[in-house]
Each structure stands twice: as structure tokens, then as C-alpha cells.
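Taking it in order: structure first as C-alpha cells, then the write-up.
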Amino acid sequence: MATQCYDPENSASRYTLLPDQPDSGHRKSLKIISGIFLSVFLLLSVAFFPILNNQSPDLQIDSRSPAPPSRGVSQGVSDKTFRDVAGASHVSYAWSNAMLSWQRTAYHFQPQKNWMNDPNGPLYHKGWYHLFYQYNPDSAIWGNITWGHAVSKDLIHWLYLPFAMVPDQWYDINGVWTGSATILPDGQIMMLYTGDTDDYVQVQNLAYPANLSDPLLLDWVKLKGNPVLVPPPGIGVKDFRDPTTRWTGPQNGQWLLTIGSKIGKTGVALVYETSNFTSFKLLDGVLHAVPGTGMWECVDFYPVSTKKTNGLETSYNGPGVKHVLKASLDDNKQDHYAIGTYDLGKNKWTPDNPELDCGIGLRLDYGKYYASKTFYDPKKERRVLWGWIGETDSESADLQKGWASVQSIPRTVLYDKKTGTHLLQWPVEEIESLRVGDPTVKQVDLQPGSIELLRVDSAAELDIEASFEVDKVALQGIIEADHVGFSCSTSGGAASRGILGPFGVIVIADQTLSDVTPVYFYISKGADGRAETHFCADQTRSSEAPGVGKQVYGSSVPVLDGEKHSMRLLVDHSIVESFAQGGRTVITSRIYPTKAVNGAARLFVFNNATGASVTASVKIWSLESVNIQSFPLQDL
């Protein structure tokens with residue numbers, strides 16, 4: 001049976017005033033009331049989280065350390081140092097080795113040690129999926145960027161390979177930065193990447209496999225004539241990076257590609273044409289530009305079908321096709337996208353809805369997620385999306401644990417035919433191979449202000465599918481006009497109660513609810529009777545440690561007539577990837593619990609609404625570890 005919590009309006013804030021009242025004649029009754037209140041408070045403190053706002057008194061905080069320097073900015077790339085919005089990112093915490101070891105993921109891709117950031121040049125070749133990634137072989141902080149390399153048969157079980165490329169030429173001596181692969185009709189692979197020169201100028205370089213018959217693509221050759229592209233007039237030498245996969249142009253043998261940049265404060269996507277990948281011509285105009293969005297990094301451009309349920313090869317165009325333009329915004333470290341129409345003849349892309357233009361509208365992920373990259377998987381005819389999940393803790397903690405950052409679980413990308421405005425992102429089906437046994441199935445009736453523990457073997461590695469039915473009478477009859485302007489980021493999190501929310505799932509929580517990460521829906525309803533649903537992930541109480549990210553992430557999500565409120569969560573220790581309504585809205589959470597570790601993690605469902613009951617239906621699978629190893633090259 002669900003445990004009831006009390007109304008925060010009748011909570012401690014009303015009683016803490018009593019001892020300060022001037023009337024001494026009431027001291028005896030005050031002592032009795034205070035004693036009763038203390039007992040009730042201790043009981044309720046383990047029942048629900050809205051009343052718990054203070055940190056544990058036994059925290060051991062180290063002295064304030066110097067603020068970390070910016071990393072990458074002087075070389076013209078986005079700052080790779082996490083800076084807490086509260087200004088506490090350089091406050092140290094006494095992490096134990098056990099806590100830090102627990103943070104390492106079980107089934108997300110990450111190197112054995114040291115720093116990683118952008119996914120690069122993903123492709124499928126002779127039975128193997130290849131992932132290249134920005135890597136620092138020397139430290140758990142950004143620098144000396146090299147291309148790491150790994151392969152997999154299923155996008156889940158990975159094997160490390162030797163480095164693909166290292167910064168060893170004048171044109172990339174300060175970093176082998178982000179790039180993309182193009183597979184030509186004859187099978188040749190062209191890898192165009194950004195190099196940071198000895199003078200800190202961003203240039204584009206070409207590399208290709210030394211032996212195309214090698215399924216592992218172990219050896220790569222850099223073109224002797226590099227660089228093949230330098231910043232054009234009017235573009236800053238530090239504002240010219242991250243070339244896309246190429247697509248075929250309107251003329252026979254012509255290939256087009258786009259590179260992100262900025263002109264003043266306007267983000268732009270430049271377009272070049274080539275026939276041989278060694279000489280390029282800048283086309284007039286730009287593919288697209290959006291004022292006020294700043295530098296566009298890691299631009300991605302690809303088609304999606306409006307009729308079929310499969311992905312499309314990058315050059316595909318014609319009836320029943322829309323094109324997605326995505327940019328990683330250097331100014332705010334967010335990945336934005338928009339859906340629109342591409343005119344190949346005029347080389348112009350136009351958003352379907354100017355109010356949802358790239359950089360000012362929808363985001364791929366509303367959490368900690370950046371520098372994403374897609375590729376077309378010919379094996380399963382799907383478009384697959386990768387994204388970098390960075391750290392939101394201190395550099396000192398990363399150095400202590402010896403690693404930083406992971407890659408997201410690969411996601412398929414489809415056009416949402418029902419809304420016509422969104423993409424649908426979903427974990428690749430291969431993740432289900434990690435499910436252990438039958439799922440735990442639970443249906444819970446949650447009254448307003450209630451929470452229930454869901455018993456699972458291990459709450460640190462889970463695949464959760466949950467749907468929620470809100471009481472129809474309450475949903476149709478309640479008007480809450482004062483919550484029309486609701487926003488996840490400014491709402492105060494799951495402890496902030498409304499008539500129709502929040503309700504959802506609490507992951508990586510300890511038994512006393514000191515550590516909690518709620519992922520939830522919140523329904524706001526205006527005087528016009530229209531309801532708007534928001535999907536949020538609350539990190540404000542995910543850890544007792546200072547100096548880690550504790551934002552509330554999220555956005556509105558369309559819930560259409562006849563649809564239940566549904567979510568899928570992939571929980572992997574310090575990473576939670578959350579998908580609402582089949583992937584219309586996605587949030588990645590990066591958390592650093594101090595209590596819910598080493599077997600102490602728990603899972604709950606809750607309803608913190610004040611005026612509506614909710615029925616939760618939940619399926620929970622435990623997931624096994626993938627145990628990434630180095631490829632046994634000696635066996636070849």
C-alpha cells in the first residue's frame with residue numbers, strides 16, 4: 001500500500017515559529033507540540049522527499065579549491081570544464097574510492113581510463129560497427145585530443161582497438177578533432193576531420209583506411225596534401241570545424257558537405273562541393289542561418305521518411321522526405337534540431353515552423369548531452385544517433401577516479417508522424433539483449449501525495465517502462481490557471497506540488513530518500529481548459545555532495561488523445577537516460593549519489609499531485625554488464 005505524505009503547507013515551517021513566540025505561559029504546551037512534531041518529522045522523513053531540503057550534518061567537505069581553468073576555449077572550441085550554475089563546481093567533497101568506483105557505468109560505452117568527448121565518424125564496415133571518439137590518452141581532463149577507436153557486432157558489446165589517429169602533423173598537432181565518414185559507392189571510406197594547427201587555426205583534413213579489406217580498419221592514412229580546407233574569408237580561424245557526412249549533389253559525381261561556423265552572433269552552416277574529396281569549392285550563400293544562436297558546432301544534416309519506419313541513407317531525397325538540421329550550440333552547450341525541407345537545386349534548407357527553427361526550438365536531449373552525431377546503418381536500415389554525456393562534477397573528482405565522460409546508448413531516429421513536429425528517439429533494440437530474466441511487473445494506485453517502493457534485485461542497472469493514467473474526472477474538471485507558465489527548470493523540482501502533478505519514478509534513491517532523482521510528468525491546465533504536459537528530471541537532491549550539477553531538466557511533451565503518459569528509463573549507475581512518449585522528449589541525467597551506492601540504491605513510484613490520483617503500470621528489467629575489453633589482436 002502506498003505510504004502517504006502530508007501537505008507541505010502543514011509542515012515544519014509552521015511549527016518552527018512556535019518556540020520563538022513571546023508568550024512564556026505556553027512553554028509547556030510548546031514542548032509537547034515540539035516533541036510530537038519531532039516524532040512525526042522523523043517518521044515522515046523516510047516516507048517522502050518534499051520536506052527534506054537540508055544536507056546531512058555529517059558531510060565531510062574539503063576546503064575550497066581554486067576554480068578550474070577553461071579548457072579548449074583558447075583553442076576555439078567549447079569549454080570542456082564543468083561550471084556549476086551555483087558557482088560551487090570547485091568545492092571539493094571527500095569522495096571515497098567506493099563511491100567513485102560505483103559511478104562507472106555497466107553498459108554504456110566509455111574508455112578504460114582518461115578523458116573522452118565527441119563521438120566521431122561512426123560507420124558500419126564488413127560486419128563491424130565502428131566508433132571513433134575524442135580521447136586524451138594522458139589524463140582525465142581535456143587535452144592532447146586523439147582519435148580513440150572501438151568496434152562492436154551489436155552496438156552494445158564493444159572492443160577497444162589501438163588509436164586510429166594521433167596529433168602528429170602540423171595541421172593537427174594541437175588536436176585531431178571531430179569528423180565524419182562518407183562511404184562511397186565503391187566502398188571506399190573518406191574520413192574528413194578538423195585539425196587544430198600549430199598556429200591554432202581550424203582546418204579540415206582527409207584520412208582514409210590503409211587497407212579497406214581489413215574489417216577492423218586498424219590503420220589510417222592522412223592525405224599528404226592536407227589540409228584540404230582552410231577558413232574562408234569572413235570566417236574566424238577558430239570558427240570553422242566539424243564537417244558532416246557528405247551527400248550527393250544535383251550533378252553527376254558531385255558531393256556536398258556542410259561545416260558549422262558563425263558570422264557575428266549568427267550561427268551558420270556553410271556548404272562545400274567536391275568531386276574528389278581533395279579539392280573543394282564554397283557555394284554561394286549558406287545552407288541555413290539563425291541569428292542569435294552563436295557558433296554552430298557538430299552540425300548534422302540528414303533525411304527522415306514521413307511515410308516509412310526505416311532510416312534513410314544520407315543522400316536520399318524526394319517525395320515523402322523531410323530533412324533534419326541539427327547544431328550543437330557553443331554558447332549554451334545544447335543540441336538543437338529542426339525539421340524542414342531541403343531544396344537540392346538551390347542548396348537551401350527551410351524549417352517547417354520558423355518558431356521551431358534550429359537553435360531556438362526543439363532539443364535532441366534536454367539534459368547533459370552534446371556533440372551528437374548520426375550515421376546510416378545499412379545492416380538494419382536505420383539511422384543511429386550517438387551523443388556525448390559529459391561530467392558535471394569537479395575536475396579533482398575526475399582525476400581521482402581516473403576517467404571522465406561516457407557515450408549515450410545509441411538511439412534510432414525517426415520522424416514522428418503523429419505530431420509532424422518532433423523526432424522520435426529510442427534506444428537501439430540490441431539493448432534488450434542485456435535484460436536478465438522476466439520483468440518485474442507492478443500496477444500501483446497512487447493517491448495524491450503517495451510513494452511506493454518497488455522491490456528489484458539491483459536498482460543501479462535497469463530498463464524501466466512505465467505508464468500512468470491520471471484520474472479522468474480530475475483531469476477534465478480541474479483548472480489550474482496559475483501554472484500555465486510552468487517550466488521544469490524553474491519549478492523547484494518534484495517537491496513542488498500542483499493539482500495535476502508531479503508523478504513518476506524515483507531512481508537511484510537510498511532507503512531514507514536522502515539521495516533521489518525523480519523523473520516525472522507535470523500537467524498544467526489553463527483557464528481555457530487546455531492541458532500541457534511537461535517531462536522533467538530533478539537532480540536537485542540527487543547527491544549530498546556540493547559542486548556537482550543539480551539542475552531540473554526538461555521540457556513540454558505532446559501527449560495526444562488516447563495516449564497514456566509513458567516513459568522509458570535506462571538506469572546505469574551515474575547515468576539515467578529518460579524517454580517520454582515514445583521518444584518525443586528525451587532527458588539525460590548525470591548524477592553523483594553519496595548514499596544510494598554499493599547496493600543501497602532503491603526504486604520508487606510516486607504521485608505528489610494534490611488533486612488527482614494516478615495509476616502506475618511498471619515493467620522493470622535488470623540489465624547485465626557488457627564488460628568492455630580490448631580486442632584480442634594477437635588472435636588475428
Side-chain angles (χ1 to χ4, degrees), residues 72-78 118 145 167 169-180 182 190-207 222-247 249-251 253-301 325-331 336 342-350 357-359 371:
V73 175
S74 63
Q75 292 175 243
V77 293
S78 59
D118 306 8
I145 294 301
Q169 303 296 319
W170 71 267
Y171 51 77
D172 62 12
I173 195 66
N174 282 307
V176 181
W177 289 353
T178 293
S180 300
T182 299
M190 297 293 183
M191 192 74 76
L192 202 65
Y193 70 93
T194 298
D196 193 23
T197 74
D198 51 2
D199 289 331
Y200 300 105
V201 176
Q202 295 171 12
V203 298
Q204 313 311 316
N205 307 305
L206 179 66
K222 297 176 183 178
L223 183 73
K224 289 183 179 180
N226 279 334
V228 296
L229 277 172
V230 298
I235 296 297
V237 297
K238 296 182 179 181
D239 302 325
F240 183 65
R241 55 186 179 270
D242 310 334
T244 63
T245 297
R246 274 64 81 202
W247 65 94
Q251 301 174 15
Q254 181 187 46
W255 293 85
L256 304 175
L257 70 110
T258 183
I259 297 175
S261 188
K262 68 176 180 178
I263 300 174
K265 292 293 185 180
T266 298
V268 300
L270 307 173
V271 179
Y272 286 84
E273 68 172 359
T274 184
S275 59
N276 55 15
F277 291 86
T278 58
S279 60
F280 293 81
K281 176 185 176 182
L282 177 65
L283 298 184
D284 293 336
V286 295
L287 178 68
H288 194 59
V290 180
T293 56
M295 177 67 195
W296 283 8
E297 298 187 294
C298 303
V299 171
D300 207 359
F301 186 63
L325 177 62
K326 168 258 161 184
S328 299
L329 304 190
D330 189 15
D331 286 356
H336 282 254
Y342 175 51
D343 187 325
L344 182 61
K346 296 180 179 178
N347 192 42
K348 291 291 183 182
W349 176 88
T350 304
D357 205 346
C358 189

Inset, instruction - Check whether the ring centres of F301 and W247 lie less than 6.0 Å apart, and answer yes or no. - result: yes
Legend entry - Heavy-atom closest pair, residues G236 and P231: O-CB, 4.1 Å
Legend entry - Among Q204, R241, Q202, side-chain hydrogen bond (donor to acceptor under 3.5 Å, both in side chains) partner for T194: Q204
Legend entry - Test of ring centre spacing under 6.0 Å for Y193 and W177: no
Inset, instruction - Spell out, as yes or no, whether a donor-acceptor pair under 3.5 Å connects the side chain of K326 to the backbone of C298. - result: yes
Inset, instruction - Verify, without hydrogens or angle tests, whether K265 (side chain) and M295 (backbone) share a donor-acceptor contact under 3.5 angstrom. - result: no
Legend entry - Pair D357-H336, side-chain donor/acceptor within less than 3.5 Å: no
Inset, instruction - Would you confirm whether D172, through its side chain, and G175, through its main-chain N or O, come within 3.5 Å as a donor-acceptor pair? - result: no
Legend entry - Side chain to side chain, T266 and T293, heavy atoms closer than 4.5 Å: no
Legend entry - Check: L270 main-chain N/O paired with T258 side-chain donor or acceptor under 3.5 Å: yes
Legend entry - Donor-acceptor pair, side chain of T274 and main chain of S279, under 3.5 angstrom: yes
Legend entry - Considering all heavy atoms, the nearest K222-Y171 contact: CB-OH, 3.3 Å
Legend entry - Exam field: side chain N226 to backbone L206, donor-acceptor pair closer than 3.5 Å: yes
Inset, instruction - Answer yes or no: is there a donor N or O on one side and an acceptor on the other, between the side chain of N276 and the main chain of T278, under 3.5 Å? - result: yes
Legend entry - Interatomic distance, E297 atom CD to K262 atom NZ [nearest 0.5 angstrom]: 10.0 Å
Inset, instruction - First locate atom CG of D199, then atom CG of N174, and finally report the distance between them rounded to the nearest 0.5 Å. - result: 9.0 Å
Legend entry - Side-chain (S180) to main-chain (P243) donor-acceptor, under 3.5 angstrom: yes
Inset, instruction - Measure across L192 and F280 and return the closest heavy-atom pair with its distance rounded to 0.1 Å. - result: CD2-CZ, 4.3 Å
Inset, instruction - Go through the steps for F277 and V228 under the test side chain to side chain contact (heavy atoms under 4.5 Å, CB included), then give the verdict. - result: CA-CA 8 Å; F277 291 86; V228 296; over 6 Å; no
Legend entry - Polar side chain donor-acceptor pair, D239 to S261, under 3.5 angstrom: no
Legend entry - Any side-chain heavy-atom pair of L325 and L287 under 4.5 Å: yes
Legend entry - Between Y342 and N347, a side-chain donor and acceptor under 3.5 Å: yes
